[in-house]
Amino acid sequence: MRYADLHTHTYHSDGTRSPREVIDVAKSHGITIVSISDHDNLAAYFEIKSYADEQGVLLIPGVELSCAFEGVDVHILAYAFDPHDERIDKRLHSFREARARRGVAMVDKLRELGFMITTERVQELAAGGSVGRPHVARALVERGYVASVAEAFDRFIGTGKPGYVEKERFRIKEAVSVIRAAGGVTSVAHPSIYPDHERIVPMVLDAGVDAVEVYHPEVPAADREMYTNLARFRGKFVTGGSDDHGKVKKSETLGTVRVPEGILGWLLGGPPRLS
Ligand code: AMP
Ligand code: FE
Ligand code: FE
Ligand code: ZN
């Protein structure tokens with residue numbers, strides 16, 4: 001029996017680990033099926049695919065897409081698409097450009113509020129990858145304006161807070177069709193965190209998303225059970241992963257979620273099975 005972690009981040013988006021470190025740490029926890037699901041960026045896959053092969057780790061192309069649904073920011077995980085697909089590459093590229101512009105707009109807003117962080121530093125922290133609020137948060141921490149990334153979100157850059165700026169998002173149906181056209185599948189990330197999720201998640205599935213991420217540090221056991229059943233009754237599937245970001249979040253989670261290979265047959269190409 002092999003184990004999988006299908007939700008990880010690297011420094012190509014808002015994580016702090018290198019792609020190699022993700023592979024090594026996952027393997028040290030007995031996880032040999034991995035997807036690096038950076039926000040709007042596939043760079044880690046290309047960087048580390050041959051290394052993963054050498055290490056006997058099956059690396060599945062993945063990406064996390066911010067989608068707009070009924071005014072809620074719903075994250076859709078996409079997997080096992082053709083990583084060389086030009087349409088995907090083009091869309092991800094334009095989302096990364098929008099993220100960079102939004103990063104500048106957030107720095108401007110924060111500077112007007114008296115927080116003297118710089119665009120240059122935020123870009124440096126993003127290291128050429130997808131710029132995200134965690135990079136802005138880290139810049140605020142470095143300058144001593146807040147004690148932690150979490151405090152930056154709570155006080156200044158969380159949704160609706162004074163330094164927050166909206167970012168461009170996919171429509172769910174469009175994300176589903178772009179990923180499907182490239183041979184891939186989709187899953188609703190961390191279902192429990194959305195406001196009114198018990199109403200939203202079924203609608204997202206009905207919009208064409210294939211699965212729900214029921215194994216996740218922020219999905220309690222009761223929700224895992226509820227969403228596994230919900231998926232089953234709709235003829236859909238389940239996925240799971242640690243959503244590790246390295247040192248950005250309160251704790252490193254890589255290794256804490258190990259999904260048995262058996263439930264991922266539908267995604268890995270084997271016979272479909274739910275649990
Ligand atoms: P963005 O995509 O730029 O809007 O940033 C959202 C990202 O910030 C998420 O993917 C998480 O990685 C991270 N995030 C969201 N809320 C928090 C929080 N309260 N503390 C730390 N990180 C967070
Ligand atoms: Fe993130
Ligand atoms: Fe997410
Ligand atoms: Zn994530």
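As the structure is a computational prediction, the values presented were derived from the model and not from experiment. Counting convention: from 1, in listed order, for ligands and their atoms alike.
His245 has its closest N, O or S atom to the Fe ion (ligand 2) at the position named NE2. When the Fe ion (ligand 2) is compared with the N/O/S atoms of Asp14, atom OD2 turns out nearest.
Inter-residue side-chain proximity for Leu92 and Leu65 is flagged as met; some heavy-atom pair is nearer than 4.5 Å. Residues Glu70 and Ile200 are in side-chain contact: their nearest non-hydrogen atoms beyond the backbone lie under 4.5 Å apart.
Hydrophobic clustering, with ILVMFWY side chains joined whenever heavy atoms are under 4.5 angstrom apart, keeps Phe95 apart from Ile76. Both Tyr79 and Ile263 belong to a common hydrophobic cluster when Ile, Leu, Val, Met, Phe, Trp and Tyr are linked at side-chain heavy-atom distances under 4.5 angstrom.
Proximity to Val149 (heavy-atom distance under 4.0 Å) selects the following atoms of ligand 1: 21 (C). Residue contact check: Arg102 has heavy atoms under 4.0 Å from atoms 1 (P), 3 (O), 4 (O) of ligand 1. Heavy-atom proximity to His39, at under 4.0 Å, picks out these atoms of ligand 1: 10 (O).
No donor-acceptor pair closer than 3.5 Å links the side chain of Lys173 to the backbone N or O of Gly208. For Asp210 (side chain) and Thr186 (main-chain N/O), a donor-acceptor pair under 3.5 Å exists by modelled atom type.
Excluding waters, the set of protein N, O or S atoms lying under 2.8 Å from the Fe ion (ligand 3) comprises Glu64 OE2, His75 ND1, His190 NE2.
Atom 14 (N) of ligand 1 has Phe153 CZ, 3.4 Å as its closest protein atom, hydrogens excluded (heavy atom only). Scanning all protein heavy atoms for the shortest distance to atom 7 (C) of ligand 1 gives Asp14 OD2, 3.6 Å. Considering only non-hydrogen protein atoms, atom 5 (O) of ligand 1 sits nearest to Arg133 NE, 3.6 Å.
Screening residues 11-26 for salt bridge (Lys or Arg N to Asp or Glu O under 4.0 Å), with sequence neighbours left out, gives Arg17-Glu21, Arg17-Asp244, Arg17-Glu252. Among residue pairs with one or both ends in residues 36-65, those qualifying as salt bridge (Lys or Arg N to Asp or Glu O under 4.0 Å) are Asp40-Arg99, Lys49-Asp53; sequence neighbours excluded.
Counting non-hydrogen atoms of other residues, nucleotides and ligands closer than 6.0 Å to CD of Glu225 gives a total of 12 or fewer.
Checking Met106, His135, His245, Lys167 against atom 1 (P) of ligand 1, the nearest heavy atom belongs to Lys167.
When only modelled atom types and interatomic distance are considered, Asp5 and Ser242 share a side-chain donor-acceptor pair under 3.5 Å.
Hydrophobic cluster membership of Tyr164, counting Ile, Leu, Val, Met, Phe, Trp and Tyr whose side-chain heavy atoms lie under 4.5 Å apart directly or via other members: none, as it forms a cluster of its own.
Checking only distances, Arg99 does come within under 3.5 Å of ligand 1, N or O to N or O. Checking only distances, Asp154 never comes within under 3.5 Å of ligand 1, N or O to N or O.
Within the 4.0 Å heavy-atom cutoff, Glu64 does not count among the residues contacting ligand 1.
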